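Given the structure is predicted, the values throughout are model-derived calculations rather than measurements.
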Amino acid sequence: WTGNGVTRLTIANLTLRDFYFHPIIFNGGTQQPRVYNVRLVTAGEQFIKANPDGNGGGVNGGVVEYCVLEYDTAARSDYTNGVDVHMGRDWIIRHNLFRRIRSDKGRAGPAVLMWNNSRNTVVEGSTFIDNHRDMWKWRDWVIQAGNANQPFDQFSIEQLAGDLLPQATLDQKIAITDAHRTLADT
């Protein structure tokens with residue numbers, strides 16, 4: 001794990017497997033970490049975890065690319081994610097394979113979880129195979145908006161700034177997740 005002022009750390013070109021908790025942890029104070037061409041197999045909990053710093057900030061500017069995050073079969077509990085970032089800004093998660101992010105104990109995932117005031121994140125060109133949840137809530141919101149013939153201007157506002165609307169509903173907050181996590185391949 002890292003923290004306390006670590007900047008621009010690169011973890012690259014290796015395989016980590018069979019961890020009881022998190023194989024990679026970026027704690028508050030870590031900035032601009034890069035995980036490149038790493039294969040993470042069968043983590044006990046989150047494969048890549050970025051924690052807040054306790055003062056309202058998080059790990060910012062992270063890049064996860066060309067990685068494989070997978071379970072041999074399934075997680076030992078439903079407390080797992082591929083990438084889990086709290087309060088992080090400006091992450092890029094691209095060209096990764098997320099496979100079998102699932103559990104026999106309950107509904108695991110999502111494979112990518114940017115939450116707790118995370119923002120400006122792009123997820124692109126990644127492949128999601130046999131996971132319990134990839135980005136299912138946002139997908140359902142898009143289908144519901146289309147089925148309800150939601151006007152394009154309202155659809156666009158909710159997509160770009162749903163979480164900033166006065167007294168935003170849960171659905172409006174879900175709508176913004178595509179701007180936080182853009183997915184090219186599902």
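- Within the 3.5 Å criterion, the main-chain N or O of Gly29 finds no donor-acceptor partner in the side chain of Asp53.
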- Message: Would Ile24 and Val35 count as a side chain to side chain contact (heavy atoms under 4.5 Å, CB included) here? Give the steps.
- Response: CA-CA 9 Å; Ile24 298 175; Val35 182; 4.1 Å; yes
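- The one candidate from Asn116, Asp84, Asn27 that meets the side chain to side chain donor-acceptor pair (under 3.5 Å) condition with Asn51 is Asn27.
- A donor-acceptor pair is defined here as one N or O able to donate and one able to accept, closer than 3.5 Å; no such pair exists between the side chain of Trp91 and the backbone of Val64.
- Without hydrogens or angle criteria, Asn131 side chain to Arg100 main chain gives a donor-acceptor distance under 3.5 Å.
- Between the Thr30 side chain and the Gly3 main chain, a donor and an acceptor come within less than 3.5 Å of each other.
- One distance of note links CZ of Arg8 with CD of Gln31; it measures 10.5 Å at 0.5 Å rounding.
- Cluster annotation: Leu69 and Tyr20 are assigned to distinct hydrophobic clusters (Ile/Leu/Val/Met/Phe/Trp/Tyr, side-chain heavy-atom contacts under 4.5 Å, transitive).
- For the pair Ile48 and Pro23, the minimum side-chain heavy-atom distance is 4.5 Å or more.
- A single hydrophobic cluster is not seen to contain both Phe21 and Leu113; linkage of ILVMFWY side chains at heavy-atom distances under 4.5 Å, directly or through other members, places them apart.
- Here the side chain of Ser103 pairs no donor or acceptor atom with the backbone of Ala74 at under 3.5 angstrom.
- Atom CD1 in Ile25 sits 9.0 Å away from atom CD in Glu45 (nearest 0.5 Å).
- Using a 4.5 Å cut-off on side-chain heavy atoms (C-beta onward), His86 and Lys49 make contact.
- The structure places CG of Asp72 at 4.5 Å from CZ of Arg17, a figure rounded to the nearest 0.5 Å.
- Two residues are said to be in side-chain contact when any heavy atoms from C-beta on lie closer than 4.5 Å; Val85 and Val59 fail this criterion.
- One distance of note links CG of Asn117 with CE of Met114; it measures 12.0 Å at 0.5 Å rounding.
- Between Tyr71 and Phe47, the ring planes are perpendicular. Angles over 60° get that label, and only those under 30° would be called parallel.
- With hydrophobic clusters built from ILVMFWY side chains whose heavy atoms lie under 4.5 angstrom apart, Leu40 does not share a cluster with Trp1.
- Atom CZ of Arg34 and atom CD1 of Ile11 lie 11.5 Å apart (nearest 0.5 Å).
- At a threshold of 4.5 Å between side-chain heavy atoms, the hydrophobic network of Ile, Leu, Val, Met, Phe, Trp and Tyr places Leu16 and Val41 in two separate groups.
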- Stepwise side chain to side chain contact (heavy atoms under 4.5 Å, CB included) test for Val112 and Phe128: CA-CA 10 Å; Val112 177; Phe128 298 81; 4.1 Å; yes
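- Although no hydrogens or angles enter the test, the distance criterion places a donor-acceptor pair under 3.5 Å between the side chain of Asn60 and the main chain of Arg89.
- In this structure, Ser118 contributes its side chain and Met87 its backbone to a donor-acceptor pair below 3.5 Å.
- Pairing each heavy atom of Ile101 with each of Ala108, the nearest pair is O-CB, 4.2 Å.
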- Please assess Phe98 against Val83 for the test side chain to side chain contact (heavy atoms under 4.5 Å, CB included), listing each intermediate value before the final yes or no. CA-CA 10 Å; Phe98 296 89; Val83 177; 4.1 Å; yes
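- Using modelled atom types, no side-chain atom of Arg94 and backbone atom of Val63 make a donor-acceptor pair closer than 3.5 Å.
- Between the NZ atom in Lys105 and the CG atom in Asp78 there is a gap of 10.0 Å [rounded to 0.5 Å].
- In this structure, Asn96 contributes its side chain and Cys67 its backbone to a donor-acceptor pair below 3.5 Å.
- The closest side-chain donor-acceptor pair between His22 and Gln46 falls under 3.5 angstrom.
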- Message: Set out, in order, the CA-CA distance, both residues' side-chain angles and the distance that settles side chain to side chain contact (heavy atoms under 4.5 Å, CB included) for Arg102 and Asp130, then state yes or no.
- Response: CA-CA 8 Å; Arg102 56 186 310 105; Asp130 195 25; 3.1 Å; yes
